[in-house]
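Order of listing sets the numbers, starting from 1, for every ligand and every atom in it. No hydrogens, no waters, no symmetry mates; every other heavy atom, side chains included, goes into these values. Nothing fancy with the numbering, it's 1 onward along the sequence.
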Amino acid sequence: DSVFANIAKAPEDPILGVTVAYNKDSSPIKLNLGVGAYRTEEGKPLVLNVVRRAEQLLVNDPSRVKEYLPITGLADFNKLSAKLIFGADSPAIQENRVATVQCLSGTGSLRVGAEFLAKHYHQNSIYIPQPTWGNHPKVFTMAGLSPKYYRYYDPETRGLNFQGLLEDLSSAPSGAIVLLHACAHNPTGVDPTVEQWEQIRQLIRSKGLLPFFDSAYQGFASGSLDADAQSVRIFVADGGECLAAQSYAKNMGLYGERVGALSIVCRTADVASRVESQLKLVIRPMYSNPPIHGASIVATILKDRDMYNEWTIELKAMADRIISMRQQLFDALRDRGTPGDWSHIIKQIGMFTFTGLNTEQVAFMTKEYHIYMTSDGRISMAGLSSRTVPHLADAIHAAVT
Ligand SMILES: Cc1ncc(COP(=O)(O)O)c(CN[C@@H](CCC(=O)O)C(=O)O)c1O
């Protein structure tokens, strides 16, 4: 019999498995609010106009070839990605203190950064928020780091447990790695305020903790690329070191192209060049070098002023549509007199609302209303439209009364 006869059947992924269940449902009123992927008012995936324009330019460019990229990826893309997150005027960039490598979207950037740290950094504890994106602990464990949790979300206020966060980071061993969501925290939609970020920065620097930013939604939370990068930029401005993982999946709609970058901000240019040389030794045996198409689209858009401006307009439109979905859902629950305080729906930001619904209520909504969402009560606001808000509001109303 098969040499794999004793392999166990693995469970579906808590997030991506929701789409598997959704696809199996034949109901005409089913609604997928699981995966964090943007949908238009018509409920369709969106390819940005500026992305199609960039692809046309690429297709019509006779000089384009399909050669291997360097292990570190497309050089233009790396430089432009660093500028996007750290700011065009970043002293770290001007002083050549940033090592940037193109990776397989956000997940790949986190994984390469984690493998690099497991190999070269003196601490392998990485403090991650409670709760956080479901894949974080798995990515870090597989890379050889050991995830620990720091308090982040307060179920009572459905806001930030700032005291808990400060206490847990204060008691972390000095030098521990700290994972921070740059903006639009997944799954809670709760971000620290500007003042709270400054307190976090002071604590992290005073204890010599190593900040590792995960920036999967830059521009998507507030509609402003600069506002959504402020948390990262205050750390870089103080001259200290940090890592930052970037994804273009959501803010440029390049989900399946797997486009991202890992940047490591170092104290000197000499350290940055040695760090980059060691990053190449992590990447080469992992996937050798990254895919060319998606990074070429991003570089084409970021290097052209008109296309960059068109992108910012389309990005703001996506962010605004999500914000309007928040208001419409909040109003619909208010109109129904749904018991409970639902103001967190309009206070939270980014792709997701952490509703506070429990697993039984979620299961009820899936069974009776064909609403697909993650079992922790998270809903992707991007999956909603004006047409489907009433259906979701009916389901929530029924689930809590
Ligand atoms: C905080 C965070 N980091 C990284 C990623 C990874 O994104 P990449 O596609 O690798 O660039 C996501 C995507 N999380 C979404 C999308 C589905 C998923 O991968 O889980 C989500 O949580 O629904 C994320 O939310």
Side-chain angles (χ1 to χ4, degrees), residues 11-22 32-39 45-46 73 77 81 84-85 101-114 126 128-140 142-143 147 152-153 178-191 212-221 228-229 231-232 243-263 286-287 290-291 294-295 297-298 318 322 348-355 372-384:
E12 285 292 352
D13 179 83
I15 296 174
L16 300 179
V18 172
T19 300
V20 173
Y22 169 82
N32 188 1
L33 305 178
V35 69
Y38 185 81
R39 296 289 176 268
L46 176 68
F77 166 84
S81 292
L84 184 71
I85 188 164
V101 287
Q102 178 193 335
C103 294
L104 305 182
S105 216
T107 306
S109 303
L110 292 164
R111 182 64 183 267
V112 166
I126 179 164
I128 64 180
Q130 175 60 32
T132 191
W133 177 48
N135 211 23
H136 275 148
K138 299 169 190 166
V139 168
F140 297 133
M142 293 290 271
Y152 187 85
Y153 180 71
V178 180
L179 181 93
L180 300 161
H181 294 232
C183 71
H185 181 269
N186 175 5
T188 66
V190 172
D191 283 359
F212 191 161
F213 283 95
D214 181 359
S215 176
Y217 299 95
Q218 185 183 358
F220 222 95
D228 288 354
S231 57
V232 180
L243 288 82
Q246 283 173 275
S247 166
Y248 289 92
K250 290 87 179 182
N251 60 13
M252 224 179 249
L254 297 176
Y255 302 90
E257 295 288 355
R258 312 308 294 140
V259 196
L262 170 76
S263 285
M286 193 187 287
Y287 55 83
I297 294 172
V298 172
M318 287 194 284
I322 288 179
Q348 293 170 0
I349 64 169
M351 188 81 100
F352 309 106
T353 288
F354 210 43
T355 59
Y372 289 84
M373 57 198 277
T374 45
S375 59
D376 59 2
R378 182 194 89 170
I379 52 175
S380 169
M381 303 308 285
L384 268 184

Donor-acceptor pair, distance only, cut-off 3.5 Å: does the side chain of [X] make one with the backbone of [Y]?
| X | Y | value |
| --- | --- | --- |
| D191 | A184 | yes |
| T353 | I379 | no |
| D228 | A221 | yes |
| T188 | F354 | no |
| Q218 | Q246 | no |
| R378 | G34 | yes |
| Y255 | Y38 | yes |

Counting heavy atoms only, name the option from R258, H181, R378, Q246 that's nearest to atom 21 (C) of ligand 1.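 It is R378 that holds the nearest heavy atom.
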
Just go through L254, L110, D214 and tell me whose heavy atom is the nearest to atom 2 (C) of ligand 1.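 Heavy atom nearest to atom 2 (C) of ligand 1 belongs to D214.
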
Numbered atoms of ligand 1 (with element) below 4.0 Å of [X], judged on heavy atoms:
| X | answer |
| --- | --- |
| V35 | 17 (C), 23 (O) |
| T107 | 6 (C), 8 (P), 10 (O) |
| G106 | 8 (P), 10 (O), 11 (O) |
| A249 | 9 (O), 11 (O) |

Got the closest protein heavy atom to [atom], with its distance?
| atom | answer |
| --- | --- |
| atom 15 (C) of ligand 1 | Y217 OH, 3.7 Å |
| atom 8 (P) of ligand 1 | S105 OG, 3.4 Å |
| atom 23 (O) of ligand 1 | G36 N, 2.7 Å |
| atom 14 (N) of ligand 1 | W133 NE1, 3.3 Å |

Parallel, tilted or perpendicular: rings of H185 and Y152 (30°, 60°):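 The rings of Y152 and H185 lie parallel, inter-plane angle below 30°.
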
I'd like to know if N135 contacts ligand 1, where contact means a heavy-atom distance under 4.0 Å to any ligand atom.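 Contact check N135 vs ligand 1: negative.
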
Under 4.0 Å, counting heavy atoms only: does K250 come that close to any atom of ligand 1?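 The answer is yes: ligand 1 sits under 4.0 Å from a heavy atom of K250.
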
So does M286 have more than 12 non-hydrogen atoms from other groups sitting under 6.0 Å from CE?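 Buried by this count: over 12 neighbours within 6.0 Å.
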
For ligand 1, which part of N186 has a heavy atom less than 4.0 Å away: the side chain, the backbone, both, or neither?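 Answer for N186: side chain.
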
Y248 and ligand 1 - part of the residue with a heavy-atom distance under 4.0 Å: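 Under 4.0 Å from ligand 1, Y248 contributes no heavy atoms.
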
